[in-house]
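For this chain, numbers begin at 1 and follow the sequence in order. Atoms within each ligand, like the ligands themselves, are counted from 1 in listed order.
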Amino acid sequence: MSRLIGIYGASGFGREVMSVAREQYAQSNKRLVFIDDNAANSDARVNGYDVLTWQAFVEQADDGAAVAIAIADAAVREKLMARCAEAGIAGCDIRAANVVTGDNITIGEGAILQPFVILTSDVRIGRAFHANIYSYVAHDCVIGDFVTFAPGVKCNGNVHIEDRAYIGTGAILRQGTPGKPLVIGSGATVGMGAVVTKDVPAGVTVIGNPARVMEK
Ligand code: UDP
């Protein structure tokens with residue numbers, strides 16, 4: 001029986017993650033497929049991979065089956081992780097071969113680390129973290145669950161990022177200090193290219209340089 005690895009989400013990010021997963025599992029007997037709830041029909045294929053509905057995946061899943069959730073939206077990721085757990089399907093981590101990790105890094109289940117990501121040292125990260133290409137996390141950062149980094153995020157030392165925050169492409173997070181880390185509140189969004197010089201409250205969106213709260 002084939003051992004299925006599902007990449008959940010057959011859209012933009014999912015297709016990028018699939019190519020990393022292919023390298024990661026190149027020497028194994030795994031069968032890689034996409035899972036997508038909007039799979040048009042049972043014959044759907046994307047970039048040469050079958051696209052299964054969740055139901056079809058569960059039907060075909062064997063003991064070794066595992067899923068990586070390659071969807072940037074934190075709430076969706078959380079929902080789908082719970083769905084996998086309920087079905088007894090393990091999460092799998094995707095990590096590009098050239099990711100650099102230093103000393104004392106802890107990282108929760110279901111992380112996706114895309115090419116050229118660096119986690120320097122003494123970093124603690126929660127579940128289902130996404131670090132898109134060319135992002136880094138420097139020393140003494142603490143990152144919560146379901147946090148998403150778009151490409152090229154520069155997260156400097158002593159930054160704390162709470163659950164479900166989204167950091168846009170090329171954003172720069174100023175370094176904090178051990179006694180006063182820079183804090184990005186839960187569910188906050190940092191716009192692309194923003195230069196964040198002070199704490200960001202939970203739930204708000206900040207943009208610009210220096211980053212300011214965007215009024216609704
Ligand atoms: N999707 C899904 N189940 C969900 C939510 C989304 O299968 O509950 C799929 C959706 O059909 C789409 C992909 O996940 O194909 C998300 O793609 P999107 O372009 O919105 O996000 P990105 O790829 O940028 O993370």
Closest approach of Ala211 and Ala194, non-hydrogen atoms and distance?
CB-CB, 4.2 Å

Of the protein's non-hydrogen atoms, which lies at the shortest distance from atom 5 (C) of ligand 1, and what is that distance?
Val76 CG1, 3.6 Å

Atom 19 (O) of ligand 1: nearest protein contact (heavy atom, Å)
Ser11 OG, 2.8 Å

Give me the ring orientation class for Trp54 and Tyr8: parallel if the planes are under 30° apart, tilted from 30 to 60°, perpendicular past 60°.
parallel

Assess the residue pair Phe146 and His130 against the criterion (ring pair (Phe, Tyr, Trp, His ring centres under 6.0 Å)); give the C-alpha distance rounded to whole Å, side-chain angles, the decisive distance to 0.1 Å, and a yes or no.
CA-CA 8 Å; Phe146 306 104; His130 281 186; 9.5 Å; no

Which residue and atom name correspond to the protein heavy atom nearest atom 11 (O) of ligand 1, and how close is it?
Asp36 OD1, 2.6 Å

Any Lys/Arg nitrogen of Arg164 or Glu78 sitting under 4.0 Å from an Asp/Glu carboxylate oxygen of the other?
yes

Polar contact flag for Ala72 and ligand 1 (N/O pairs, less than 3.5 Å):
yes

In ligand 1, the atoms that come under 4.0 Å of a heavy atom of Gly9 are 14 (O)

Salt bridge check: are Asp37 and Arg83 linked by an N-O gap of less than 4.0 Å?
yes

Of the protein's non-hydrogen atoms, which lies at the shortest distance from atom 6 (C) of ligand 1, and what is that distance?
Ile71 CD1, 3.9 Å

Under 4.0 Å from a heavy atom of Asn38: give me the atoms of ligand 1 that qualify, with their elements.
10 (C), 11 (O)

Against ligand 1, does Tyr8 come closer than 4.0 Å with any heavy atom?
yes

Does atom 25 (O) of ligand 1 have a protein non-hydrogen atom under 4.0 Å from it?
yes

Give me the residue, atom name and distance of the protein heavy atom closest to atom 3 (N) of ligand 1.
Asp37 OD2, 2.6 Å

Would you say Phe13 and ligand 1 have an N/O pair spaced under 3.5 Å apart?
yes

Answer yes if Ile94 and Phe129 sit in the same cluster of Ile, Leu, Val, Met, Phe, Trp and Tyr residues linked by side chain heavy atoms under 4.5 Å apart, and no otherwise.
no

Is any N or O atom of Lys79, backbone or side chain, closer than 3.5 Å to an N or O atom of ligand 1?
yes

Test applied, side chain to side chain contact (heavy atoms under 4.5 Å, CB included); reference residue, Ile125; option that passes from Thr106, Ile107, Ile161:
Ile107

Between Asp140 and Arg124, does any NZ, NE, NH1 or NH2 come within less than 4.0 Å of an OD or OE carboxylate oxygen?
no

